[in-house]
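Data block below; observations after.
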Amino acid sequence: MGLDSVGDLALNIILTKLGPKETAKVSCVSKRFKDLASEESLWSLFCLQDLDLSAPLDHHGNPLRSFKATYKLWREAFCMYPWSLVKRVKSCWDRLKSWLTTNFPEVKATLGRGASEGENLNTDAAACLLGLIGGYCFYDHLVNVYLLPLHEVILETREIVRHLDLPNGSQFIVVAASSSNIGKFFFLNCSDGQLYVGTQNLLTIGEMIPCVPQTLISPVHDFNIDQQQDAMLLWLEEHGHRLHNGMIKLRDEGNIKSISLFPEESPLCSTAVTNGVKVRASAIFVPEAVDLSRKYLFAYSIRMSLPPEGCIISGMRFSSCQLHLRHWVISADDTVVSNVNAEAVIGKFPLLLPGEKEFVYESCTPLRSPTGSVEGSFTFVPGRLIDPKGMPFEAEVARFPLQLPDYIF
């Protein structure tokens, strides 16, 4: 039986299985195959499968006349890259935009029309912490990282890189920075594909820390490798994964929103409940404040709250409790390096009320080692400190890790 006897529907199914590249070849066989290979439904499927496009749009978001023209233009626009890499980059960027659309549309509005365009933050936006990567705050140290748009990449690279003492042959460009006045900069090394973040010794001795495990990187200019990927792509994919699985979340303090990099899920975030008092705690590595020869700095976030039923001690219900004392045990490499007993937290004595929003405070601790932990307890008084309704009790702060992560943000 020849192909002439095979119906159009069956041939259409065969073409969908062949894929775009082979379909283009089949179109050269005859006029019938050319017509079949030009069907919009076929290229609509290919655009959906490869690029997650449900409408014919170019890579700038402009509408096109057909799905076949769309697929052709995308292939031509990115012909200098492996197609598998193009599909992956688009998927990563779409995933980030999807999360922002649902959770943080203010940041979505700052994005350029493509991943290479970064974020266009004006002065007001920067003050509102509209960074795609996010950050943290402790004491007067405020960091909120955004991707630089292309014009800022050029300006920052010219301004910073020429002052650094970098190895010969290295090709660094600045790709992300903090929108606050804290000097936190991320550098992509175009020669080896690694992403670096500067330490506090960046401008004096050019000290940087790699942000992604080197073993995962396969340079995008090496077409002999099936899985080309530089650290920037891996870094953004990991960030998107953390956003979507709830490991990091949006923080809303008053009218100011930001993406908080403090982990929200186990095992990096610990949770303990004592007499109704819930304490969640986690830490993050602070690379821009690190001196690799002397110290590592970790910021930690403590969140405490009461459930709607309030504080319950030995069957007795209390409508509030107030923090009085704290006890911290800080360890490095399983050796206790600090044992702290003191009043309050950052000078505050939070009063917990049933069902109210978590009280959050952040602080930091330096370590001589890249690995450690914090644990301890809070002493609460039922009622209020000026009007106690019962005996003080200790609420556990379960151990949470201080560790140099595989991915540094």
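Note that the structure is a prediction, hence the values are computed from the model and not measured.
Using the six-membered ring where Trp is involved, Phe187 and Phe172 have ring planes that are perpendicular, over 60° apart on the 30 and 60° scheme. In this pair, Tyr296 and Phe285 present their aromatic rings tilted. The plane angle is within the 30 to 60° band. Classification of the Tyr300-Tyr361 ring pair by plane angle, with boundaries at 30° and 60°, yields perpendicular. By the 30° and 60° cut-offs, the orientation of the rings of His141 relative to Phe138 is parallel.
The main-chain N or O of Asp94 is never found under 3.5 Å from a side-chain atom of Ser98 such that the two would form a donor-acceptor pair. Side-chain N or O atoms of Ser258 include none that pairs as donor or acceptor with a backbone N or O of Ser260 at under 3.5 Å. The backbone N or O of Ile154 sits nowhere less than 3.5 Å from a side-chain atom of Thr157 that would complete a donor-acceptor pair. Side-chain atoms of Lys90 come within 3.5 Å of backbone N or O of Leu51 as a donor-acceptor pair. Panel note: side chain Ser44, backbone Glu40; no donor-acceptor pair is recorded below 3.5 Å. Put simply, the side chain of Asn201 never gets that close to the backbone of Thr204: no donor and acceptor are under 3.5 Å apart.
Other residues, nucleotides and ligands place no more than 12 heavy atoms under 6.0 Å from the NZ atom of Lys348. More than 12 heavy atoms of other residues, nucleotides or ligands sit less than 6.0 Å from atom NZ of Lys87. Surrounding NE2 of His244 are more than 12 heavy atoms belonging to other residues, nucleotides or ligands, all under 6.0 Å away. Within 6.0 Å of atom CG in Asn245, more than 12 heavy atoms from other residues, nucleotides or ligands are found, so the atom counts as buried in its surroundings. The number of heavy-atom neighbours closer than 6.0 Å to CG of Asp334, taken from other residues, nucleotides and ligands shown, is 12 or below.
A salt bridge does not link Glu39 with Lys68: none of the charged nitrogens is closer than 4.0 Å to a carboxylate oxygen. Classification of Glu358 and Lys278 as a salt-bridged pair fails, no side-chain N sitting under 4.0 Å from a carboxylate O. A salt bridge links Arg88 with Glu237; the closest basic N to acidic carboxylate O contact falls under 4.0 Å. Taking the charged nitrogens against the carboxylate oxygens, Glu238 and Arg95 have no contact shorter than 4.0 Å, which rules out a salt bridge. With respect to the salt-bridge test (charged N to carboxylate O, under 4.0 angstrom), the residues Arg317 and Glu309 do not qualify.
At a cut-off of 3.5 Å, with distance as the only test, a side-chain donor of Asp291 or Ser293 sits close to an acceptor on the other residue. Residues Glu394 and His327 have side chains that never bring a donor and an acceptor to within less than 3.5 angstrom of each other. A donor-acceptor contact under 3.5 angstrom links the side chains of Ser301 and Arg303, judged on distance only. Inspection of the Asp50 and Trp83 side chains reveals an N or O donor paired with an N or O acceptor under 3.5 Å. Counting only N and O atoms by type, the side chains of Tyr146 and Glu152 include a donor and acceptor under 3.5 Å apart. Side chains of Glu288 and Gln200: a donor-acceptor N/O pair is absent below 3.5 angstrom, by distance only. In this structure, a donor-acceptor pair under 3.5 Å is absent between the side chains of Ser377 and Glu396. Between the side chains of Thr371 and Ser369, no donor-acceptor pair is found at a separation under 3.5 Å.
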Evaluate the side chain to side chain contact (heavy atoms under 4.5 Å, CB included) criterion for residues Gln403 and Leu268: first the C-alpha distance (whole Å), next the side-chain angles of each, then the deciding distance (0.1 Å), finally the verdict.
CA-CA 10 Å; Gln403 62 188 42; Leu268 298 179; 3.7 Å; yes
Please determine whether salt bridge (charged side-chain N to carboxylate O under 4.0 Å, His left out) holds for the pair Glu264 and Arg280, giving the CA-CA distance in whole Å, both sets of side-chain angles, and the decisive distance to 0.1 Å.
CA-CA 8 Å; Glu264 296 279 350; Arg280 301 190 305 125; 2.7 Å; yes
Go through the steps for Phe46 and Trp74 under the test ring pair (Phe, Tyr, Trp, His ring centres under 6.0 Å), then give the verdict.
CA-CA 12 Å; Phe46 293 153; Trp74 274 79; over 10 Å; no
Is there a side-chain hydrogen bond (donor to acceptor under 3.5 Å, both in side chains) between Thr335 and Asp333 once you walk through the steps?
CA-CA 5 Å; Thr335 299; Asp333 293 331; over 6 Å; no
In sequence, state the C-alpha distance, the side-chain angles, and the governing distance for Phe409 and Phe186, and then conclude on ring pair (Phe, Tyr, Trp, His ring centres under 6.0 Å).
CA-CA 9 Å; Phe409 290 93; Phe186 290 85; 7.8 Å; no
Checking side chain to side chain contact (heavy atoms under 4.5 Å, CB included) for the pair Leu202/Phe185: CA distance, chi angles, key distance, verdict?
CA-CA 9 Å; Leu202 174 66; Phe185 297 94; 4.3 Å; yes
Go through the steps for Leu132 and Phe104 under the test side chain to side chain contact (heavy atoms under 4.5 Å, CB included), then give the verdict.
CA-CA 9 Å; Leu132 171 61; Phe104 206 178; over 6 Å; no
Using the rule given for side chain to side chain contact (heavy atoms under 4.5 Å, CB included), can you reason through Gln322 versus Leu352, listing the C-alpha separation, both sets of side-chain angles and the distance that settles it, and then say yes or no?
CA-CA 6 Å; Gln322 190 166 12; Leu352 303 187; over 6 Å; no
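The closest side-chain heavy-atom distance from Met208 to Thr199 is not below 4.5 Å. Using a 4.5 Å cut-off on side-chain heavy atoms (C-beta onward), Leu73 and Leu64 make contact.
For the atom pair CG of Leu233 and CG of Leu195, the computed distance is 11.5 Å after rounding to the nearest 0.5 Å. Here the CZ-CG distance, from Phe67 to Leu53, works out to 7.5 Å after rounding to the nearest 0.5 Å. In this structure, Asn275 CG and Phe380 CZ are separated by 10.5 Å, a value rounded to the nearest 0.5 Å. Note that CG of Leu297 is 11.5 Å distant from CD1 of Ile284, once rounded to the nearest 0.5 Å. Residue Asn144 holds its CG atom at 7.0 Å from OG of Ser180, rounded to the nearest 0.5 Å. We find the SG-CD distance between Cys137 and Glu362 to be 6.5 Å, quoted to the nearest 0.5 Å.
Between Leu164 and Leu203, the shortest heavy-atom distance links the atoms CD2-CD2, 3.8 Å. Between Pro354 and Pro308 the shortest heavy-atom distance is CB-O, 3.3 Å. For Gly246 against Glu265, the heavy-atom pair with the smallest separation is O-CG, 3.6 Å. The two residues Ala398 and Ser270 make their nearest non-hydrogen contact at O-OG, 2.8 Å. In terms of heavy-atom proximity, Trp99 sits nearest to Leu243 at NE1-O, 3.2 Å. The heavy-atom pair separating Thr365 from Ile330 by the smallest distance is OG1-CD1, 3.6 Å.
Among Ile408, Leu292, Leu404, the single residue meeting the side-chain contact (heavy atoms from CB on, under 4.5 Å) criterion with Pro287 is Ile408. Between Ile133 and the options Leu236, Ile259, Ile248, Val143, a side-chain contact (heavy atoms from CB on, under 4.5 Å) holds for only Leu236. Tested against Phe298, the residues Val286, Leu367, Val374 include a single side-chain contact (heavy atoms from CB on, under 4.5 Å) partner, Leu367.
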